[in-house]
Amino acid sequence: MSESSEGVLYVVATPIGNLDDLSARAARVLGEVDLIAAEDTRHSARLLRHLGLEVPMMSLHDHNERGRVEQLCQALEEGRRVALVSDAGTPLISDPGFILVRALRERGFKVVPLPGACALITALSAAGLPTDRFTFEGFLAHKGGPRQARLVALRDDSATHVLYESPHRIQALLGDIRDVLGGRRVVLARELTKTFETFLDGTAAELLVRMEEDSDQTRGEFVVMIEGAPAREGDEAASVEGDALLQVLFEEGVGVKQMAAIATRLVGGRKKSWYAKAQAIKDAVD
Ligand code: SAM
């Protein structure tokens, strides 16, 4: 049975290396749609050939996405079904599609996600780093200065940080991680789902040595995962319970100094940290 007879955009995740990772639903939908908007039509044509499908395609990439919006709105208006695919993985994740999806949603069109491969989730699922909280930074800036500035901004965050990087800049990025974040644990997931899939684990300095010893380790596609900042005394003030407690005290009209004193007695930790947090809550409404 077809997914829908009204105009709809399917956002279809495609494999990041192993073609068997395309879901059965994705294969079916790609065969049913009237049009496929692809980041690179020649690249996606290979996937369609593998599936034995012939479907009209149009390009939709960073340089023409805005211009495509009206065309695709028109197609959906006419009741056509369109699939959006990128070269690999989930569209919109460090890939084109955001401008289109936002425009379609704003105009009330139906947008249906078809889940599948995504390099950052695939990498996190097997890295052995905490996954309860993580930040996804995509690609950091190409230039050293802004790249280091972003790493400095992440320095005190205890979440795991996930980055994408190309083989051209992987060593420069590891150098910056070593310089800014020191001995943090870093896991490199290389060539996920492909023949030479490798996970390397160590400090950034150790990983750089491994790459110098074995240049194969510098090739291919990378997800870089960095352990978050270690918990420090005073981090209690960042706890969910602590935030809720301060919020209730504030709403009950308790002053900042007393809020800090009560939180310190009930939750523990440093009064100074609680005070800063309480002041921030007050400042937000002042
Ligand atoms: N949309 C994709 C996704 O869902 O992951 C990401 C596209 S982004 C342009 C490409 C980057 O994703 C690569 O430079 C690399 O950092 C990461 N990536 C994609 N495929 C990968 C793979 N098989 N192994 C490791 N990293 C991969």
Side-chain angles (χ1 to χ4, degrees), residues 9-23 25-26 30 36-44 46-47 50 59-65 83-102 111-129 131 134-142 147 150-151 154 160-177 186-201 204 207 210-211 214 216-226:
L9 179 80
Y10 296 104
V11 182
V12 182
T14 58
I16 56 169
N18 188 328
L19 290 180
D20 287 346
D21 291 334
L22 188 86
S23 76
R25 182 178 172 211
L30 289 176
I36 296 176
E39 182 181 9
D40 177 343
T41 51
R42 275 189 303 181
H43 184 98
S44 297
R46 287 199 286 276
L47 176 68
H50 171 80
S59 69
L60 185 142
H61 45 69
D62 287 337
H63 306 291
N64 71 358
E65 185 172 352
L84 172 69
V85 297
S86 60
D87 288 354
T90 303
L92 280 77
I93 307 300
S94 293
D95 266 341
F98 164 66
I99 295 169
L100 175 68
V101 168
R102 183 173 60 177
V111 180
V112 176
L114 265 70
C118 180
L120 80 107
I121 299 298
T122 308
L124 269 178
S125 72
L129 285 170
T131 54
F134 62 87
T135 70
F136 174 56
E137 296 292 322
F139 292 92
L140 295 193
H142 292 186
R147 192 170 55 220
R150 188 70 204 132
L151 291 171
L154 296 174
T160 297
H161 304 301
V162 187
L163 283 64
Y164 284 167
E165 194 48 281
S166 79
H168 314 293
R169 277 180 290 275
I170 187 69
Q171 284 161 299
L173 172 65
L174 286 172
D176 288 342
I177 294 172
V186 177
V187 180
L188 285 188
R190 190 174 72 88
E191 294 289 83
L192 289 164
T193 77
K194 303 183 197 176
T195 312
F196 296 107
E197 177 180 280
T198 318
F199 280 80
L200 288 184
D201 196 325
L207 296 177
R210 298 269 283 280
M211 287 186 164
D214 176 5
D216 282 351
Q217 297 301 330
T218 63
R219 301 201 180 101
E221 299 195 276
F222 293 91
V223 180
V224 181
M225 291 159 285
I226 311 168

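Quick caveat: nothing in here was measured; it's all calculated off a predicted structure. Ligands are counted one by one from 1 in listed order, and the atoms in each one are counted from 1 as well.
To the nearest 0.5 Å, atoms CD1 (I170) and CE (M211) are separated by 5.0 Å. For the atom pair CG of L154 and NE2 of H161, the computed distance is 4.5 Å after rounding to the nearest 0.5 Å.
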Using distance only, find each side-chain donor-acceptor pair of residues 113-125 under 3.5 Å and give its atom names and separation, not counting sequence neighbours.
{"residue": "T122", "atom": "OG1", "partner": "C118", "partner atom": "O", "Å": "2.7"}
{"residue": "S125", "atom": "OG", "partner": "T122", "partner atom": "O", "Å": "2.7"}

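Under the 4.5 Å side-chain criterion, counting only non-hydrogen atoms from C-beta, Y164 is in contact with I93.
Applying the salt bridge (charged side-chain N to carboxylate O under 4.0 Å, His left out) test to pairs two or more places apart or on separate chains, those with a residue in residues 161-173 are E165-R169.
Contacts of S59 classified as side chain to side chain contact (heavy atoms under 4.5 Å, CB included), with partners at least two apart in sequence or in another chain: T41, H61, N64, R68.
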Please tabulate, one line per pair, the protein nitrogen or oxygen atoms found under 3.5 angstrom from a nitrogen or oxygen of ligand 1, with distances to 0.1 Å, or say none if there are no such pairs.
{"residue": "ligand 1", "atom": "1 (N)", "partner": "A88", "partner atom": "O", "Å": "3.2"}
{"residue": "ligand 1", "atom": "1 (N)", "partner": "T90", "partner atom": "O", "Å": "3.0"}
{"residue": "ligand 1", "atom": "1 (N)", "partner": "I93", "partner atom": "O", "Å": "2.8"}
{"residue": "ligand 1", "atom": "1 (N)", "partner": "D95", "partner atom": "OD2", "Å": "2.8"}
{"residue": "ligand 1", "atom": "4 (O)", "partner": "T90", "partner atom": "N", "Å": "2.8"}
{"residue": "ligand 1", "atom": "5 (O)", "partner": "A119", "partner atom": "N", "Å": "2.8"}
{"residue": "ligand 1", "atom": "5 (O)", "partner": "Y164", "partner atom": "OH", "Å": "2.6"}
{"residue": "ligand 1", "atom": "16 (O)", "partner": "E165", "partner atom": "N", "Å": "3.3"}
{"residue": "ligand 1", "atom": "16 (O)", "partner": "F222", "partner atom": "O", "Å": "2.5"}
{"residue": "ligand 1", "atom": "20 (N)", "partner": "E221", "partner atom": "OE1", "Å": "3.3"}
{"residue": "ligand 1", "atom": "23 (N)", "partner": "I16", "partner atom": "O", "Å": "2.9"}
{"residue": "ligand 1", "atom": "23 (N)", "partner": "L192", "partner atom": "N", "Å": "3.4"}
{"residue": "ligand 1", "atom": "23 (N)", "partner": "L192", "partner atom": "O", "Å": "2.9"}
{"residue": "ligand 1", "atom": "24 (N)", "partner": "L192", "partner atom": "N", "Å": "2.8"}

